[in-house]
Amino acid sequence: MQYRPTEIEPKWQQRWAEARVAEIDVAAPGQKLYMLNMFPYPSGDLHVGHGRNYILGDAVYRYFRMQGRVALNPMGWDAFGLPAENAAIKKQTHPRVWTLGNIERMKRQFGRWGILYDWSKEIASCEPEYYKWNQWLFLQLYKRGLAYRGTAPVNWCPQDQTVLANEQVVDGRCERCGALVEQRELSQWFFKITDYADRLDAGLDTLEHWPEKVKLMQRNWIGRSRGADVDFDVPSLGKPIRVFTTRPDTIFGATFMVLAPENPDVAALIADHPDRAAIEEWITGVRNQSALERQEAGKEGRFTGKTAVNPFTGEEIPIWLGNFVLPQYGTGALMAVPAHDERDFEFAKQYGLPVRSVIALTSGEQPELPFTAKDESGVAMGSGPIDGLPVPKAIDRIIEIIEERGIGRGIVRYRLRDWLISRQRYWGTPIPMIYCEKCGLVPVPEEQLPVTLPLDVPFTGREGNPLGKHDAFVNVACPQCGAAARRETDTMDTFVDSSWYFLRFVTPRDDQKIFDAELVNRWLPVDQYIGGVEHAILHLLYARFITRTLHDMGLLSFEEPFARLFNQGMITKEGYKDARGAWVSPSEVELRDGKPYRGDEELTAEITKMSKSRLNVVPPDELIARFGADTERVYTLFIAPPEKEAAWSDEGVVGAFRFLGRVWNMFDRLQDQATPDVVRKMHQTIDAVTTRIERFEFNTAISALMEFSNVLGDAPSREAYEALLKLLHPFAPHMTEELWAMLGNEEFLLTSRWPVADRALMQEDTVTIAVQVNGKLRGQVEVAAPAEEAKVFEAIGANEKIQNWLAGKELVKRIYVPGKLVNIVVK
RNA sequence: GCGAAAGUGGCGGAAUUGGCAGACGCGCUGGACUUAGGAUCCAGUGGCCCAAAGCCGUGUGGGUUCGAGUCCCACCUUUCGCACCA
């Protein structure tokens, strides 16, 4: 009987669904396990690259099920967001219709991959039952001063007609559409994540099972810096200007000061400047530049004509304005120490400002300038009270002095800025606030939630948010005084939706509260979180932040939502470009001598991320129709280590298919007796596959199964075959279920118990031991396994020469490894 | 520029604590079965060599060690992240 996956797979998918195998009662006893794949944005069709993420999660889920864990494995939809709105404008449909249609398609695709989710817990963030709690959360944060309205220079995307978070601006362009981002002053809603900067930074140390890379990216993003705020007197201003520095030890080398053009003191400083108009014009020019343009312009500055007093040298130093000083970091003013800071050095050279070195090398020599090392390699000099101290100590000491003199203080600052959550867009959670002329800002009372997003709005793609044109939505009575008032029309950043969804999965239908605290504290943190590295900073940082705010409200007993994090790599494939750089469909491409052609035109091949525009996506449907979902699953996991990027190969798929076909064909020739070799290999394989799944080494877990099947030949024992089916189940669930049933089992293989390796049976009968002395082979002996030390020595003792060498020498290493040539090394 | 990770056959990749380099798979070569093969099965497959013996082989150059893909130093290359954060 031939292996025909297309006949087997739909049958088992249906049986699992009918038996609701993945649905669990969160109140039931048992050892819990919370598995979670990041919930996707429902963009439509899934390709094999997306599949990797979910297949991987499903394999782990099935493994833990077979280990007897009560496993929660839910799925939902990050269903608000810009693409739905853009599609609505383009196709004249409603974002909701477009979104729900995509959800249905993706759900079917998950089914065809054989992926088991607990669909009774499905959530979609665009539904009022869900976003009601977004609004509730907003109100709690507002109550605690963690949500506030502020005016800020914001990134405005002229193409999408919306404000973008700093994180959504990449190289000065809109992350989504690529348009150049403009700076605008607007009143916006923020979440005060900066209040949690220190805890978000410190908490990273507790995340033992997160990739180092992700922790580092978060750490850099938070950008913790220890330093000092120091006041420099400015006689002409009648008040000091405060600067922030991480190198207060270099203050004796501060030869000028630079302010950001946006600094509020600038106006007073240049008020009586003879060229005031020219300077103001320059400031306006700089302020209108995007961050990218500013940087590309190089370092530019203007002298204000005023001076400040260096509090340590007593010198008057010039105050400059500089385009490289960031207004939002520190105090928007800095003391420039050109000798020990590259940027200050560059600026000083450009404008001929003095450079004074105040750090010597520990060796006593003078370093080449600028010398910026912040470690023990430098020693303070020409710096009065801190002379001779190594840099780290000098920093501590000078901060003490600054504090004693009352001219500043040691301080920790962060790069992290508050989270701008306002979006001038329709398809998102309405922010539950009302503007009343009498009462001002009034929160919508909790009992009036949800503020429902109206569905009957026009989509023109022009003039901002369509919500603003919906009179019934906008015009409301003030909840406090009853007078006519206006509703907030901004919606929330979709990262708000995803900052707490993992808490909702435990009790997704609760309409009285955001979640059941007792159950959530039992099920969370998530044991295993799986998703792309593209969420390394934003999503994960926001989720960690919101979790802490809920912790501080007394609702959660934990501060870190995800105990273990795994980032899978992308799947790439070659795409073909013609001479003009346009992507060419693979169906038009012909390979000759390994080079791609379209007719006579030679094309270039490029390995890239799969995407529709590059015409290099592999749709799973064709693949499944030809080889089955099990083959796709096995190939996807076998292709490379799961955290690595991997290139899809259509030929490679065949190997996985052949392997499954061989396992299938064994069924007809089962035997009762197993040879000792097979028994040993079985236990070795059980051990190998188990540890490799635990370590997310699926590629080698599968190669171990291939080896096992090679040892089994075409006539395995029934016992070994059953073990193979179990070990293979997480990777090829349909075929193994079918064979398991054919063996006469009534229960699902999924609900059977994972096999346990017997270590004693894993051992080889004998071990070959080679004895080497000073690198030269002195003989080999065979001893029984498990090798006992006494037997090894006895065996060695049998060799006269070795015995002599051994006398009076130290045995430095003994290795007993089954099946391996082992050296005894003697010094 | 700063930070991080990685360099192993034609390709994807294996190799607990330093211990038979190249597992497993693709591809390729030969064979079997076939009207046919882009199906299936069997054998071979790092390089040099007709073959054997042997020698050479994990980015480059040094070092430690009886022994190095693995550890140390310097360098080269690639990928990713951040990008004037004082």
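Heavy atoms only: backbone and side chains are in, while hydrogens, waters and symmetry mates are out.
Taking atom C1' in both rC49(B) and rC66(B), the straight-line distance is 31 Å, to the nearest Å. The C1' atoms of rA74(B) and rG10(B) are separated by 32 Å, rounded to the nearest whole Å. The same atom, C1', is picked in rG47(B) and in rG31(B); the two are 26 Å apart, to the nearest Å. Atom C1' of rG59(B) sits at a distance of 41 Å from the matching atom of rU40(B), rounded to the whole Å. Comparing rC11(B) with rC71(B), their P atoms sit 24 Å apart, to the nearest whole Å. rC72(B) and rA6(B) have their P atoms separated by 12 Å, given to the nearest Å. Using atom P as the reference point in both rU70(B) and rG19(B), the two lie 10 Å apart (nearest Å). rU58(B) sits 9 Å from rG22(B) when the C1' atoms are compared, rounded to a whole Å.
Considering only side-chain N and O atoms, R658(A) lies nowhere under 4.0 angstrom from the phosphate OP1 or OP2 of rG25(B). For rC82(B), neither phosphate oxygen OP1 nor OP2 lies less than 4.0 angstrom from any side-chain nitrogen or oxygen of R219(A). Contact annotation: Y329(A) reaches the phosphate of rA86(B) (side-chain N/O to OP1 or OP2, under 4.0 Å). At least one side-chain nitrogen or oxygen of S225(A) sits closer than 4.0 Å to the OP1 or OP2 atom of rA86(B). Contact check, N699(A) against rG25(B): no side-chain N or O comes under 4.0 Å of OP1 or OP2.
L326(A) comes within 4.0 angstrom of a base, heavy atoms only. Among the heavy atoms of the strands lying under 4.0 Å from R662(A) are primed sugar atoms or P, OP1, OP2 only; no base atom is included. Across all strands, V325(A) comes closer than 4.0 Å to base atoms (heavy-atom distances). Using a 4.0 Å heavy-atom criterion, one finds that T691(A) contacts no nucleic acid atom at all.
Listed nucleotides rC82(B), rG3(B), rA23(B) differ in distance to S703(A); the shortest reach to its side chain belongs to rA23(B). Here the nucleotide nearest the side chain of L216(A), chosen from rG3(B), rG13(B), rC82(B), is rG3(B). Among the nucleotides rG13(B), rG25(B), rA83(B), the one closest to any side-chain atom of A640(A) is rG13(B). Taking the side chain of R695(A) as heavy atoms from C-beta on, and the options rC26(B), rU16(B), rA83(B), the nearest nucleotide is rU16(B). Closest approach to the M217(A) side chain among rG12(B), rC26(B), rG81(B) is made by rG81(B) (side chain taken as heavy atoms from C-beta onward). Side-chain proximity of F324(A) to rC84(B), rG27(B), rA14(B): nearest is rC84(B). The nucleotide whose nearest atom lies closest to any side-chain atom of Q295(A) is, among rC24(B), rC41(B), rC84(B), rC84(B). Side-chain proximity of T246(A) to rA23(B), rA86(B), rG25(B): nearest is rA86(B).
Nucleotide rG67(B) is matched to nothing when pairs are restricted to Watson-Crick or G-U wobble geometry with both distances under 3.5 angstrom. The base-pairing partner of rC33(B), taking Watson-Crick or G-U wobble contacts with both distances under 3.5 Å, does not exist among the strands shown. For rC82(B), the paired base is rG1(B) (Watson-Crick or G-U wobble, both distances below 3.5 Å). Across every strand in view, rA15(B) sits unpaired, with no contact that passes the Watson-Crick or G-U test at under 3.5 angstrom. Pair assignment for rG27(B): rU45(B), on the basis of Watson-Crick or G-U wobble contacts that are both within less than 3.5 Å. In this structure rG61(B) sits in a base pair with rC73(B), meeting the Watson-Crick or G-U test at under 3.5 Å.
Atom CZ of R242(A) is separated from atom C1' of rA86(B) by 16 Å (rounded to the nearest Å). Distance Q218(A) CD to rG3(B) C1': 16 Å, rounded to the nearest Å. What separates OH of Y414(A) from P of rC82(B) is a distance of 21 Å, to the nearest Å. Protein atom CZ of F638(A) is 11 Å distant from nucleotide atom P of rA23(B), rounded to whole Å. What separates CG of L416(A) from C1' of rA83(B) is a distance of 17 Å, to the nearest Å. Straight-line distance from the CH2 atom of W221(A) to the C1' atom of rG3(B): 15 Å, rounded to whole Å. The interatomic distance linking I317(A) (CD1) with rA86(B) (P) rounds to 19 Å, in whole Å. Rounded to whole Å, atom P of rC26(B) lies 13 Å from atom CZ of F657(A).
Using cut-offs of 30° and 60° on the angle between ring planes, the pair F696(A) and F698(A) is tilted. Note on ring orientation: taking the six-membered ring where Trp is involved, the planes of W320(A) and Y351(A) are tilted (angle from 30° to 60°).
I398(A) is not listed as a side-chain neighbour of R247(A), based on a closest heavy-atom distance of 4.5 Å or more. A heavy-atom distance below 4.5 Å is not found between the side chains of F347(A) and P338(A).
With hydrogens and angles left out, the side-chain atoms of T608(A) and N616(A) include a donor and acceptor closer than 3.5 Å. A side-chain donor-acceptor contact under 3.5 Å links R614(A) and S611(A). Side-chain contact check for W648(A) and E574(A): no donor-acceptor pair (N or O, by modelled atom type) lies under 3.5 Å.
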**OP:** Show your working on salt bridge (Lys or Arg N to Asp or Glu O under 4.0 Å) between E707(A) and K681(A) and close with a plain yes or no.
**Re:** CA-CA 9 Å; E707(A) 277 184 64; K681(A) 190 70 185 173; 3.2 Å; yes
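The glycosidic torsion of rG9(B) lies within 90° of 0, placing the base in the syn range.
Mapped onto RNA chain B by nearest heavy atom, A656(A) and A647(A) fall at different nucleotides, with A647(A) at the one closer to the 5' end. Comparing N220(A) and I702(A) by the nucleotide of RNA chain B whose heavy atom lies nearest to each, the residue mapping closer to the 5' end is N220(A).
The base of rC84(B) sits within donor-acceptor range of the side chain of K299(A), with an N or O pair under 3.5 Å.
One finds the OG1 atom of T6(A) at 12.5 Å from the CZ atom of R626(A) (value rounded to the nearest 0.5 Å).
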